[in-house]
Undergrad: 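Here it is, the structure, as structure tokens.
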Amino acid sequence: MAKEKNPYSDTLNLPQTDFPMRAGLPVNEPKWVHRWLDEDIYGKIRAKRMAEGAEKFILHLGPPYANGHMHMGHALTYVLKDFIVRSKFMAGYDSPYVPGWDCHGLPVEWKVEEGIRKEGKTKYDYSTKEIRDRCRAYANKWIDVQKGEWQRFGALGDWDRPYKTMDYANEAGIVRELGKMVARGLVYKGLRSTMWSTVEETALAEAEVEYKDKESTCIYVKFAIEGKENEYIVIWTTTPWTMPSNRAIAYAADETYVALKVEGSTDESLAKVGDTLWVAAKLQEELIRTCGITEFATVGTQQGTDFDGWVTKHPFYERESKLLEGFHVTTDSGTGFVHIAPAHGQEDFQIGREQGLELHCPVLGNGVYDETVEIFGGQHIWKAQEKIVDLMRENGSLLHTYKYTHSYPVSWRSKSPLIFRATPQWFIALDEKTEALNGKTLREKTLEAIYGGGDLKKVNWVPEYGENRIGSMIKSRPDWCISRQRAWGVPITVFLNRKTDSIIDDPKVFEHIAKLIEQEGIDAWDSRIEAGKVEELFPAGWLAENNVNVDDLDPQRDIMDVWIDSGTTHAHVLRADSGEGQRFHRTDGKRPADLYQEGSDQHRGWFHSSILTSVACYDDAPYEEVVTSGFVVDGEGRKFSKSLGNGVEPRELLDTYGMDIIRLWVASSDYSEDIRYSDEIMKGASDAYRRFRNTFRFLLGNLHGFSAEKAMDVTNMPELEQYMLHRLHKVLTEVRTAYDTYKIHHAYRALYDFCNTELSNFYFDVRKDVLYCDAKEGDRRLACQTVLWHLLQSLTTYLAPIIPFTTDETYRQWFGENESVHMQTFHGPEANWQKDAAFEEQWNNVLNTRDAVNQKIESLRAEGEVGANTDVAVTLPLNGLTAEQWVEVLVVSQIAEGEGVTVAKASGHKCPRCWMYHETLAESGVCTRCDEALKTDGHTTKAA
RNA sequence: GGGCUAGUAGCUCAGUUGGUUAGAGCACUGUGUUGAUAACGCAGGGGUCGCAAGUUCGAGUCUUGCCUGGCCCA
């Protein structure tokens, strides 16, 4: 049977709106992005806030690296930042947010070199300047791509004026910071153990190293102990070529060692009968077997520490090699003694430096021993290697040799084996006491900023454990090596004066160079050096005034670690742009940034480099507060990786869900820990989105015909409306606190639950009767609409930071195309919405009663007695409400006062218009309320 | 291997200083619904709080160990 349309339907005030139920986010959001840019929403908000003299809130952005597409990690952190910036704007702050990019560094340079190779050429076919130009173009290409993706996230910001670390002004700014650190005596040149390719003749970064199987010549070598007859320390090594650089032997302090007296050996064995050999107890069997010892006696036992002070002779040079404790010595293999060549190993170098051993690297960049090396000087290490073994065999210090295949580091490009070389590098000193820091060291002063102390205010670390995390890193980190032997980066604009063996630290010189870089970019440095115009790098007359001969100067050709670039953005972005009327100008005496917000890996990265450079140059942290987030992991809590095949890209998600849903996913998660991503979780976000959207649609539909001047004063409203405003006051207060403390998921949760529980389940359901059936401008209806009107404004403004697309769509739907929600501030809570505790208590009881009644009605329904609540009559204690109010709240037809709660099928006649039961109906056939409403609104009382 | 950190219903989250049968929303199941209908209401089921010891009259909450993850180092 075809459904017949109720003739009264047309006389009802049913919801009316063009706001579609289906959002079509993937298609519509990009239009909003363009619209916001066209309207310059960001610029307008800022102009408005500045005109108001609003307080500043500066969230400073850690620049993403200008290479590749935005991934989920980017999406997470840029959405979080946008929540914060937008919520600050909404709260009335002036919150400048400037996007930026980290541009220099290896990854871009690699990509460019890769491109060059594809052309069948090598980087040597190009000048450094040409390489840099290509790097610059490459970075710019990705900046354009990332900018589009970033904007698509819905991020508000100063898109017309982003910062780039490769902009000339920023490059100059980076040099200025270097100059400050040099002037403060914090920069020095020293040695560092680096991975080196003798083929490419260059130091390699960690990421350029691969591991491959390599066959090495292993040797057991005897070191004669001084003051003892035929008694030896035995070492084992896979790199015989490092023997000329041996300076010491390391033992493990807590291992037991034994002395074995050789009493018999095989014919091939090099072990001599009568020799006494020291070896770790755990490794003696291996030594005996490998070296062909057939008979022996254990003639001594002692702990590692007992070797302290022992001295041996180098196997083929006339010099000592003393025994030292080695933190890295294990008894997994070898002999429990490790030969130390400080120039040729990470741990060796560290021990060598701590113990004051000779660190000089006697191997040249091309792998040839220099002239200081006796016997083997001028020979290539790989070729000399066998000769070294032969020499030791001849002089009797070799105990055994064999070939051994193991995993060995090679250059990812040439696949040639790498070596460790101690090379000269530039460092920032962590432990140098300097006058500029009140006689304290950079490490001490930075710790004061982290933990609070001295005259420095403690940084607020959120979550709290961040404090300990970065603190323990600063406590234990070595000096900061800031030099790189590369092309794409800001030069270390330092001159070594060979004559005085000092560096030029005059700030005037740095400023002069910075000015040149401001004009010409980083090429200003190299181009003058290469053209032999070094004197141009000095202010006019400076050389003569300071009696410096330009020929004595050795201008450095290294570039800076890119962590200096981004680590100094507090200076060349924030401080440089903070003058009167400029973007970051602040008069509140706070640090340059209120907040840095990044993933927790940045305790080692950007938070770390930023606080060090800021303390080094300005004696204080660059930020008041640091908020960290976790990482995006899959539904099982595992990280995304190619090998697991569980990765997702924001670009795919945008096509299936749209950004507001992705943003809801972020908002619903506690980002202080890792946040999970799965299809199931995204389904939850989609469901939540639909709830919000339908709430908006209900509000818009029922506000049809309403306008601001019809709004009713709170005091004139029915109690139910007052109660709802009271509840709204409560939830908005909660959300404010949540935003203020960056607990976005609490804000989301409070608003979502409010929409579900207070609105959809209760208020909307209860008030549909009044909204649909009362006269259009009846008091009850206008009061209700006034509440809906506040709800519309509060919900859109409070949700605007989280779902900017949908809230703006909603807001403009009601307030007009030219009124963006993003130009507003939070709507409410207004003081007169709040009621006293007794009022709240009474209404909470009403809701409890409602639950009890509903349970009873549900049983009635199960018996098939009733369908909708309007079929029901209820008896209950009125408890201070009128029967009329109970009818409204329970959406039932009849209420009678009684002792307990009972429910029954309503009696009388059902009004065909509002479905409520009445003992009598009006003459027109509808109930008296409907009858009046029909008359007031000018409908014919009897439906045609 | 070291530092930091987490593990409460299918999902996302609450659970103050240890104290009554561990909560919420969503999802799920059932059901109602000619007026929010790819929407909405009502009701219901669902957790030995990662595991194992220990402290305590009493532990999701404290201690130790283990398991499984995450970030950063070596």
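Letters go in sequence order (proteins before strands), and every chain restarts at 1.
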Undergrad: For B:rA9, give the paired nucleotide (Watson-Crick: N1-N3 plus N6-O4 or O6-N4; G-U: N1-O2 and O6-N3; both under 3.5 Å), or none.
TA: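 Paired with B:rA9, as far as the under-3.5 Å criterion goes, is no nucleotide at all.
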Undergrad: So which of residues 759-771 of chain A are in contact with RNA chain B, with a heavy-atom cut-off of under 4.0 Å?
TA: A:S760, A:N761, A:F764, A:D765, A:K768
Undergrad: Does B:rA14 have OP1 or OP2 sitting under 4.0 Å from an N or O in the side chain of A:H745?
TA: yes
Undergrad: At under 4.0 Å between heavy atoms, what does A:N468 touch on the DNA or RNA strands: base, sugar-phosphate, or nothing?
TA: nothing
Undergrad: Using atom C1' in both nucleotides, what's the gap between B:rA52 and B:rC11 to the nearest angstrom?
TA: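 Looking at atom C1' only, B:rA52 and B:rC11 are 28 Å apart.
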Undergrad: Could you tell me whether A:F631 contacts a base, only the sugar-phosphate backbone, or nothing, with contacts defined as non-hydrogen atoms closer than 4.0 Å?
TA: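 It contacts sugar-phosphate atoms only.
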Undergrad: Please determine, for B:rU20, whether a Watson-Crick or G-U wobble partner exists with both distances under 3.5 Å, and give it or none.
TA: none
Undergrad: Taking only N and O in the side chain of A:R691, is any of them less than 4.0 Å away from OP1 or OP2 of B:rC40?
TA: yes
Undergrad: From CD of A:E673 over to C1' of B:rA14, roughly how many Å is that when rounded to an integer?
TA: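 So the two atoms are 16 Å apart, to the nearest Å.
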Undergrad: Is the phosphate of B:rA14, meaning OP1 or OP2, less than 4.0 Å from a side-chain N or O of A:H746?
TA: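 Checking B:rA14 against A:H746, a side-chain N or O does come within under 4.0 Å of OP1 or OP2.
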Undergrad: Scan side-chain atoms only and decide if A:S669 and A:R676 contain a donor-acceptor pair under the 3.5 Å cut-off.
TA: no
Undergrad: Walk me through whether A:L771 and A:F698 qualify under side-chain contact (heavy atoms from CB on, under 4.5 Å).
TA: CA-CA 11 Å; A:L771 286 168; A:F698 184 90; 4.2 Å; yes
Undergrad: Look through every strand shown and name the nucleotide pairing with B:rA27 as Watson-Crick or G-U wobble, where both distances are under 3.5 Å.
TA: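 Partner of B:rA27: none found under 3.5 Å.
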Undergrad: ring-ring contact (aromatic ring centres under 6.0 Å, His included) for A:Y677 and A:W665? Distances and angles first, verdict last.
TA: CA-CA 8 Å; A:Y677 173 89; A:W665 159 64; 5.5 Å; yes
Undergrad: How far, in whole Å, is B:rC72 from B:rG65 if one measures between their P atoms?
TA: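 Their P atoms lie roughly 25 Å apart.
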Undergrad: Regarding A:E625 and A:Y742, do their side chains bring together a donor and an acceptor under 3.5 Å, going by distance alone?
TA: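 Checked: A:E625/A:Y742 side chains pair up, N/O donor to acceptor below 3.5 Å.
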Undergrad: Taking side chain to side chain donor-acceptor pair (under 3.5 Å) as the test, write out the residues that go with A:Y798, two or more places apart.
TA: A:R736
Undergrad: Tell me the partner of B:rA14, counting only Watson-Crick (N1-N3 plus N6-O4 or O6-N4) or G-U wobble (N1-O2 and O6-N3) with both under 3.5 Å; none if nothing fits.
TA: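 Paired with no nucleotide.
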Undergrad: In whole angstrom, give me the gap between the P atoms of B:rA39 and B:rG23.
TA: 31 Å
Undergrad: For the P atoms, the ones on B:rU16 and on B:rC57, what distance do you get once it is rounded to whole angstrom?
TA: 23 Å
Undergrad: Name the residue closer to the 5' end of RNA chain B, choosing between A:R690 and A:D601 according to the nucleotide with the nearest heavy atom.
TA: A:R690
Undergrad: Below 4.0 angstrom from OP1 or OP2 of B:rU37, is there any side-chain N or O of A:R697?
TA: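 A:R697 to B:rU37 OP1/OP2: side-chain N or O found under 4.0 Å.
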Undergrad: Looking only at the side chain of A:E680 (C-beta and beyond, no hydrogens), which of the listed nucleotides B:rU5, B:rG25, B:rC11 gets closest?
TA: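 Nucleotide nearest to A:E680's side chain: B:rC11.
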Undergrad: Output the single nucleotide from B:rA39, B:rU12, B:rU31 whose closest atom is nearest the side chain of A:R861.
TA: B:rU31
Undergrad: Assign A:L12 to base, sugar-phosphate, or nothing according to its heavy-atom contacts below 4.0 angstrom with the strands shown.
TA: base
Undergrad: Minimum heavy-atom separation for A:Q785 and A:H704, please, with both atom names.
TA: NE2-O, 3.8 Å
Undergrad: Does A:C755 reach a base, just sugar-phosphate, or nothing at all? Heavy atoms under 4.0 Å.
TA: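 Counting heavy atoms under 4.0 Å across all strands, no contact is made by A:C755.
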Undergrad: Roughly how many Å is it from OH in A:Y689 to P in B:rC26, rounded to a whole number?
TA: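 Checked: the OH to P distance equals 19 Å.
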Undergrad: What integer distance in Å separates A:W665:CH2 from B:rC11:P?
TA: 16 Å
Undergrad: Just to be sure I understand the rule, does A:G637 reach a base, reach only the sugar-phosphate, or reach nothing, if contact means heavy atoms closer than 4.0 Å?
TA: sugar-phosphate
Undergrad: Mind checking who B:rC4 pairs with, Watson-Crick or G-U wobble, both distances under 3.5 Å?
TA: B:rG70
Undergrad: For RNA chain B, which residues of residues 734-742 of chain A approach it to below 4.0 angstrom with any heavy atom?
TA: none
Undergrad: Side chain of A:Y752, heavy atoms from C-beta onward: which of B:rA27, B:rC26, B:rG69 has the nearest atom to it?
TA: B:rC26
Undergrad: Could you check how far CD of A:E865 sits from P of B:rG32, rounded to whole Å?
TA: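 Interatomic distance, CD of A:E865 to P of B:rG32: 14 Å.
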Undergrad: Does any donor-acceptor pair link the side chain of A:S9 with the base of B:rG35 at a separation under 3.5 Å?
TA: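 Side chain to base: pair present.
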Undergrad: Just the rounded figure in Å: distance from C1' of B:rA38 to CZ of A:R693.
TA: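 Taking atom C1' of B:rA38 as the reference, CZ of A:R693 is at 13 Å.
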Undergrad: Between A:N854 and A:W915, just flag the one whose closest nucleotide in RNA chain B comes earlier from the 5' side.
TA: A:W915
Undergrad: Going by distance alone, is a donor N or O of one side chain under 3.5 Å from an acceptor N or O of the other, for A:T902 and A:T875?
TA: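 Looking only at side-chain atoms, A:T875 and A:T902 do form a donor-acceptor pair, the distance falling under 3.5 Å.
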Undergrad: Which of the following nucleotides, B:rG35, B:rA27, B:rU12, is nearest to the side chain of A:S668?
TA: B:rU12
Undergrad: Under 3.5 Å, is there a donor on one side chain and an acceptor on the other for A:D769 and A:W915?
TA: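 A:W915 and A:D769 do not have a side-chain donor-acceptor pair below 3.5 Å.
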Undergrad: If we count only N and O atoms by modelled type, under 3.5 Å, do the side chains of A:R749 and A:S668 hold a donor and an acceptor together?
TA: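 No - no donor-acceptor pair under 3.5 Å links their side chains.
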Undergrad: For atom C1', what is the distance between B:rA22 and B:rU48, given to the nearest Å?
TA: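 The answer is 12 Å between these two C1' atoms.
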Undergrad: Between the side chains of A:Y763 and A:E721, does any donor sit under 3.5 Å from an acceptor?
TA: yes
Undergrad: Is it the case that A:R693 places NZ or CZ above or below the six-membered ring of A:F19, under 6.0 angstrom from the centre and within 45 degrees of the axis?
TA: yes
Undergrad: Between B:rC72, B:rA36, B:rA27, spot the one nearest the side chain of A:R604, thanks.
TA: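 My answer, after comparing the listed nucleotides, is B:rC72.
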Undergrad: Using atom P in both nucleotides, what's the gap between B:rC26 and B:rG44 to the nearest angstrom?
TA: 14 Å
Undergrad: Is there a Watson-Crick or G-U wobble partner for B:rG32 with both distances under 3.5 Å, and if so, which one is it?
TA: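 With both distances under 3.5 Å, B:rG32 matches B:rC40.
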Undergrad: Heavy atoms from C-beta onward define the side chain here; which of B:rU68, B:rU5, B:rC26 lies closest to that of A:R638?
TA: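 Nearest listed nucleotide: B:rU68.
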Undergrad: In whole angstroms, how far is the P atom of B:rC42 from the CD1 atom of A:I857?
TA: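 So the CD1-P distance, A:I857 to B:rC42, works out to 11 Å.
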Undergrad: How many Å lie between CZ on A:R22 and C1' on B:rU37, as a whole number?
TA: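 It is 14 Å, rounded to the nearest whole Å.
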Undergrad: Say we look at B:rG18 and B:rC62: how far apart would their C1' atoms be, to the nearest angstrom?
TA: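 These two C1' atoms come out 8 Å apart once rounded.
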Undergrad: What is the base-pairing partner of B:rA52, counting Watson-Crick and G-U wobble geometry with both distances under 3.5 Å?
TA: B:rU64
Undergrad: May I ask you to say whether A:K905 pairs ionically with A:E865, meaning some side-chain N is under 4.0 Å from a carboxylate O?
TA: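 No, no charged N to carboxylate O under 4.0 Å.
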Undergrad: Just to be sure I understand the rule, does A:G867 reach a base, reach only the sugar-phosphate, or reach nothing, if contact means heavy atoms closer than 4.0 Å?
TA: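 Sugar-phosphate contact only - A:G867 comes under 4.0 Å of backbone atoms but never of a base.
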Undergrad: Please confirm whether the shortest side-chain N or O distance from A:Y772 to OP1 or OP2 of B:rA36 is below 4.0 Å.
TA: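 Answer is yes, contact under 4.0 Å.
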Undergrad: Provide, to the nearest angstrom, the distance between the CZ atom belonging to A:R749 and the P atom belonging to B:rG15.
TA: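 Going from CZ in A:R749 over to P in B:rG15 covers 12 Å.
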Undergrad: Would you say A:R850 and A:N761 are linked by a side-chain donor-acceptor pair, where the criterion is simply a distance under 3.5 Å?
TA: no
Undergrad: Testing the 3.5 Å rule here: is there a donor-acceptor pair between the side chains of A:E598 and A:S629?
TA: no
Undergrad: Work out how far the C1' atom of B:rC13 is from that of B:rG47, and round it to whole angstrom.
TA: 15 Å
